[in-house]
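Values below: every heavy atom of this structure, side chains too, minus hydrogens, waters and symmetry copies. Each ligand, and each atom within it, is numbered from 1 in the order the structure gives.
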Amino acid sequence: MITYREANSFDLPIFVSLDKQLFPYSPWSSAQYKEEFSSPTRHFVVALDESKTIVGYAGVFAPGETEADILTVGVIPEHRGKGIAKALMALITDWAKHQGSTAMMLEVKTDNIEAIALYKTLGYSKLNIRKDYFGAGLDAQVMRLELP
Ligand SMILES: CC(C)(COP(=O)(O)OP(=O)(O)OC[C@H]1O[C@@H](n2cnc3c(N)ncnc32)[C@H](O)[C@@H]1OP(=O)(O)O)[C@@H](O)C(=O)NCCC(=O)NCCS
C-alpha cells in the first residue's frame, strides 16, 4: 500500500537523487532544496511504498491569496500508472487552497506527454508557451487551474 506524508529535511538527499533521475534537464541542487524546505510558503509531500521508501514526491509554492506554483511532481518508473501523482497533486492543491490560493500554475516541458495528460485530467488548461524555459531548445507549456 502507498502512504503519503509531508516531506522533512531528512528526505532532502532522496529529492536530490530522484531529481537527477526524473529531471535530468533541470535537477535542483541540495542547496536549492534546503532553501525551499525552509520556506513557510512551500509545501512538499512524499509517497512511500510498504518498506517506507520514497517512490514519489511533489511540491508547491503558495504565497497566499494569489496564484500558487507547482514546483515539482515525480514518481519513479516502477510505480507509475497507479494514481500516485494524482494523489500527490491533490495533497499539494489542498494545502494551497488552505493558504488561500486562487489558482494553480505550472510549467511542463512541451514534449512531456505523460505529465501534460496528468494535468489535463486534473482540469488544467494550456495558457502559453515559454521558449527555452528549461534551457536552450527546451520549451515549457504553461498550464493553469482556477480554484473554486
Ligand atoms: C508525470 C508523472 C508524474 C505521472 O505519474 P503517475 O503516478 O504515473 O500518474 P498517475 O498514475 O497518477 O496518472 C494520473 C493521470 O495522468 C495521466 N497519465 C499518467 N501517465 C500517463 C501515460 N503514460 N500516458 C498517458 N497518460 C498518462 C492519465 O491521465 C492519468 O489518469 P488516468 O489514470 O485516470 O487515466 C510521471 O510520469 C513522472 O514522474 N514523470 C517524470 C517526471 C515528470 O516529468 N514530472 C512532471 C514534471 S512537470
Handout entry: Heteroatom proximity flag, Asn112 to ligand 1, N/O under 3.5 Å
Key = yes
Practice task
For residues Leu22 and Pro77, report the shortest heavy-atom separation together with the two atoms involved.
Solution key: CD2-CD, 4.2 Å
Practice task
Report the nearest protein non-hydrogen atom to atom 43 (C) of ligand 1: residue, atom name, distance rounded to 0.1 Å.
Solution key: Phe23 CE2, 3.5 Å
Problem - atom 45 (N) of ligand 1 [closest protein heavy-atom partner, distance rounded to 0.1 Å] - result: Val73 O, 2.8 Å
Exercise for the section: Please tell me if the side chains of Thr110 and Ile129 come closer than 4.5 Å, counting only heavy atoms from C-beta onward. Expected result: yes
Completion exercise
Heavy-atom closest pair (Pro63 atom, Thr41 atom, distance to 0.1 Å) is CA-CG2, 4.1 Å
Exercise for the section: Please check atom 35 (O) of ligand 1 for a protein heavy-atom neighbour under 4.0 Å. Expected result: no
Practice task
Considering heavy atoms of the protein only, find what lies nearest to atom 39 (O) of ligand 1 and give residue, atom and distance to 0.1 Å.
Solution key: Val75 N, 2.8 Å
Practice task
Using a 4.5 Å cut-off on heavy atoms from C-beta on, say whether the side chain of Phe44 contacts that of Phe15.
Solution key: yes
Exercise for the section: Under 4.0 Å from a heavy atom of Lys82: give me the atoms of ligand 1 that qualify, with their elements. Expected result: 11 (O)
Completion exercise
The protein heavy atom nearest to atom 29 (O) of ligand 1 is Thr121 OG1, 2.6 Å
Practice task
Measure across His79 and Ile84 and return the closest heavy-atom pair with its distance rounded to 0.1 Å.
Solution key: O-CD1, 3.5 Å
Problem - Neighbour count >12 (heavy atoms, 6.0 Å) for atom OH, Tyr25 - result: yes
Fill in the blank from the handout: In short, Lys86 meets Leu122 closest at the heavy-atom pair CG-CD2, 3.8 Å
Completion exercise
Here the atoms of ligand 1 under 4.0 Å from any heavy atom belonging to Ala115 are 1 (C), 46 (C)
Exercise for the section: Indicate, as side chain, backbone, both or neither, the part of Tyr119 found under 4.0 angstrom from ligand 1 when only non-hydrogen atoms are considered. Expected result: side chain
Exercise for the section: Among all protein heavy atoms, pick out the one at the shortest distance from atom 41 (C) of ligand 1; state its residue, atom name and that distance to 0.1 Å. Expected result: Arg80 NH2, 3.4 Å
Completion exercise
For Gly74, the atoms of ligand 1 under 4.0 Å from one of its heavy atoms are 39 (O)
Completion exercise
Atoms of ligand 1 under 4.0 Å from any heavy atom of Val108, numbered from 1 in the order shown, are 48 (S)
Exercise for the section: Take atom CD of Glu35 as the centre, draw a 6.0 Å sphere, and report whether it contains more than 12 heavy atoms from other residues, nucleotides or ligands. Expected result: no
Exercise for the section: Would you give the length of the straight line joining atom CG of Leu12 to atom OG of Ser17, rounded to the nearest 0.5 angstrom? Expected result: 11.5 Å
Handout entry: For atom 26 (N) of ligand 1, the protein heavy atom that lies nearest, with its residue and separation
Key = Ala117 CB, 3.4 Å
Practice task
Any atoms of ligand 1 less than 4.0 Å from a non-hydrogen atom of Gly81? List them with their elements.
Solution key: 6 (P), 8 (O), 11 (O)
Problem - Sub-4.0 Å atoms of ligand 1 with respect to non-hydrogen atoms of Gly83 - result: 10 (P), 11 (O), 12 (O)
Handout entry: Where Leu71 and Trp28 come nearest, the two heavy atoms and their spacing
Key = CB-CH2, 3.9 Å
Exercise for the section: Enumerate the atoms of ligand 1 whose separation from the nearest heavy atom of Ala85 is less than 4.0 angstrom. Expected result: 3 (C), 4 (C), 5 (O), 6 (P), 7 (O), 9 (O), 12 (O)
Handout entry: Protein contact to atom 33 (O) of ligand 1 [nearest heavy atom, distance to 0.1 Å]
Key = Lys86 NZ, 4.6 Å
Handout entry: Salt bridge Lys34-Glu36, side-chain N to carboxylate O under 4.0 Å
Key = no
Completion exercise
Ranked by distance from atom 23 (N) of ligand 1, the top protein heavy atom is Glu114 CG, 3.2 Å
Practice task
Record the part of Leu118 in heavy-atom contact with ligand 1 below 4.0 Å; permitted values are side chain, backbone, both and neither.
Solution key: both
Practice task
Taking only Lys NZ, Arg NE, NH1 and NH2, and the carboxylate oxygens of Asp or Glu, determine whether Lys82 and Asp49 approach each other closer than 4.0 Å.
Solution key: no
